[in-house]
Amino acid sequence: MLTSAFLLAISLVIIALMLNNIIYYNNIAYIGYMDQWSYDDVSIKNMIVEESINAYKATAGDANAYNQHMQGFVSSMNDVLMPKGYYVTLTTQQVHPWPVSSGTYPATDMQLNISTRDSSKTYSISTTYTRQLPQPATPTPTPVPSPQNVVVKMSSNKTEMFLTETDTALITVDVTDQASGMPRANVLVDLHSNLGEYQDAGGNTIYRVQTDQYGKAKAYFYTLSLGTHILNASVGPNPSLAAGNLSNDVAIVCKNVVMPGVCDHDFMIDIPSLDYDADPKPEKQDYLTVTVPIHLPATPGSYEYVDFKATITSGNHVNLADVSITDISDKKLKGSTQETKKVSLKFNRIDKNAPYSATVTVSVTVTCDIDHRVLTETKTYVISGHPPVAT
Amino acid sequence: MRDDRGQMQTIEGVTAAFIVVFVLVVVVQTTSVTPLSSSFTNQHIKLELQNIGNDILTTLDDTRLVNTTDPATASLLKQSVINWAIYSDYSMFAWNNTTYVCLTGNSHSSLDTPLTNAIKFALVEKGIAFNLEARYPDGLGNVRTSKIVWNGDPSENSVTVSRFVVLHDSDSEIPVGPSYDDINVLPDISPETNLHNTVEVRLTLWVM
């Protein structure tokens, strides 16, 4: 029976190991499918090809300038690729002469090597360049422009501005073809507003913008007038477009700048007053209470103090012992109302017939609610004598 | 059977039962019994997410703004980076279940690029969370990352796919970006040529 149990147990363990192996290899297979390398490989090759043609065009086939351009490009590409475990080297084998006539000609021959942590691939890449020279002018009948409609849209990056010389709103104009919905490039657009003016990036006043190849144009709106400004744009004097198509209205409200108040350091710690409480019975002890007023005068403005804290401590005791301390704190104090707070300290006279003295320190901490500055003030007094006299 | 042999057989039976039960317990705890165990399912979902992400980026990178084979014409992916730079001032956005809202100081109304529109169509409606970032060299040998859309930290089972695009100085006057550590976002790393910078567009996907 025991032998059978052992045999059954070993069989179960073997079956479990087999199942685990099957599942493990299934999961590993998925990880293999998830290799991003093949996507990156294609992306890198596409980039190299496109940049090669762009550099060939930008340098007009000049081999030195082309190589300089591509070296800078590969260097920047490696900066991004190396953290991912790739390294690219590009060897330019030939830069073909710049074509002098229209047509498609070979442009560059390169060898691209992409190294990863555990493999390396080399590709031979040849690019072509298509040059289109302007055709000689042929007499053609004068074209009669047929007005086409476009749709003009205007948008702003903000709906509120403040009356300062530095606040501007970024205005974006989109022009699309009414029929196809495609962006329309090189369209002159007139900018309108009931108040204020439009500026370019250099701060110069402009009244008209031209759309880029993506049908977009931008300007900055600037105003020194309070109130609601209505902005819109319309198609300008373009030869082939029906002028005057008006865009949507954009409303921008210009407000006064709210100047924050300033919390002054205007609270004052007054001199302490002493209250001597003598007990006629000789076996009973006398008490001395020190009270320090803290004045918070009324101040202009609507700001508030928060987290007001006043503490009183004592030291250098001669013939005195602390009995009780009354600190104060307040979460919020109106700056516009005059207030007086008091902290106090009660001493016990140890020997009624001997002189006494001590130092009393009062610290006030308060936070201004506007600029969150913490304002503090500390004063130290010496009390001494018999009978008590403040000094 | 009322002798020592009976006792021995009883002990043997109990021991055998204990061994079988013990091995069963150990085997059940160590075996991923069904193919729908969590690790298998996660791998499958991650593979699907990676395919979706790569499809989005590859399609946009292979589709040019207008119907031409001229490599000088920007792809929709490249145009997305340019639009983010020009019309959104390199701002960071988040998806609030309705639109892209600006998280940085510039109160741009929304993020309108071919990539973010495609993401809205392909991911948001399927309940797939995503982050979108741009990685680029700063010209000093370092690689920096700027968040374009940030919807929070991704989960442990997130997948990141990426695609590279090249920006040129002539691409609609890419503006000077805001400066962090004295380095502008997407700086011109090759002033002597018309190469502006190389950007890795990174899309991180995960299931909520």
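All chains are named by letter (A, B, ...) in the order of the sequence lines, taking the proteins before the strands, and each is independently numbered beginning at 1.
If you measure heavy-atom distances from A:Met182 to chain B, the contacts under 4.5 Å come from the side chain alone. Contacts of B:Gln50 with chain A are made by side-chain atoms alone, with heavy-atom separations under 4.5 Å and no backbone atom involved. For chain B, the nearby parts of A:Ala9 are the backbone and the side chain; heavy atoms of each come within less than 4.5 Å. Of the atoms belonging to A:Lys216, heavy atoms from both backbone and side chain fall under 4.5 Å from chain B. With a 4.5 angstrom heavy-atom cutoff, A:Ala217 touches chain B only via backbone atoms. For a residue to count as touching a neighbouring chain, one of its non-hydrogen atoms must lie under 4.5 Å from one of that chain's; by this rule A:Leu12 touches chain B with backbone and side chain alike.
To the nearest 0.5 Å, the span separating CG on A:Leu2 from CD on B:Gln9 amounts to 12.0 Å. Expressed to the nearest 0.5 Å, how far OG of A:Ser76 lies from OH of B:Tyr136 amounts to 13.5 Å. The structure places CG of A:Asn46 at 6.0 Å from CG of B:Asp62, a figure rounded to the nearest 0.5 Å. The CE atom of A:Met70 sits 10.5 Å away from the OG1 atom of B:Thr193 when rounded to the nearest 0.5 Å. Note: B:Asp112 CG to A:Asp174 CG = 7.0 Å, rounded to the nearest 0.5 Å. Atoms CD and CG, on B:Glu200 and A:Leu81 in that order, are 7.5 Å from each other to the nearest 0.5 Å.
Under the 4.5 Å side-chain criterion, counting only non-hydrogen atoms from C-beta, B:Val165 is not in contact with A:Glu50. Using a 4.5 Å cut-off on side-chain heavy atoms (C-beta onward), B:His168 and A:Glu51 make contact. Between B:Thr198 and A:Phe73 the shortest side-chain heavy-atom distance falls below 4.5 Å. Counting only heavy atoms from C-beta outward, the side chains of A:Leu8 and B:Val23 never approach each other to under 4.5 Å. The closest side-chain heavy-atom distance from B:Thr160 to A:Gln36 is not below 4.5 Å. Between A:His69 and B:Ser190, every side-chain heavy-atom pair lies at or beyond the 4.5 Å cut-off.
Between chain A and the options B:Leu195, B:Asn83, B:Val161, B:Val143, heavy-atom pairs under 4.5 Å are most frequent for B:Leu195. Ranking A:Gln68, A:Met82, A:Lys84, A:Met77 against chain B, the residue ahead of the rest is A:Lys84, based on heavy-atom pairs under 4.5 Å.
A:Ser43 places a side-chain N or O within 3.5 Å of a backbone atom of B:Phe164 that can act as its donor or acceptor partner.
Counting all heavy atoms, side chain and backbone alike, A:Val80 lies closest to B:Arg135 at O-NH1, 3.7 Å. When all heavy atoms of A:Ala5 and B:Ile19 are compared, the pair lying nearest together is O-CG2, 4.3 Å.
When the salt bridge (Lys or Arg N to Asp or Glu O under 4.0 Å) test is applied to B:Asp188, no partner is found at least two apart in sequence or on another chain.
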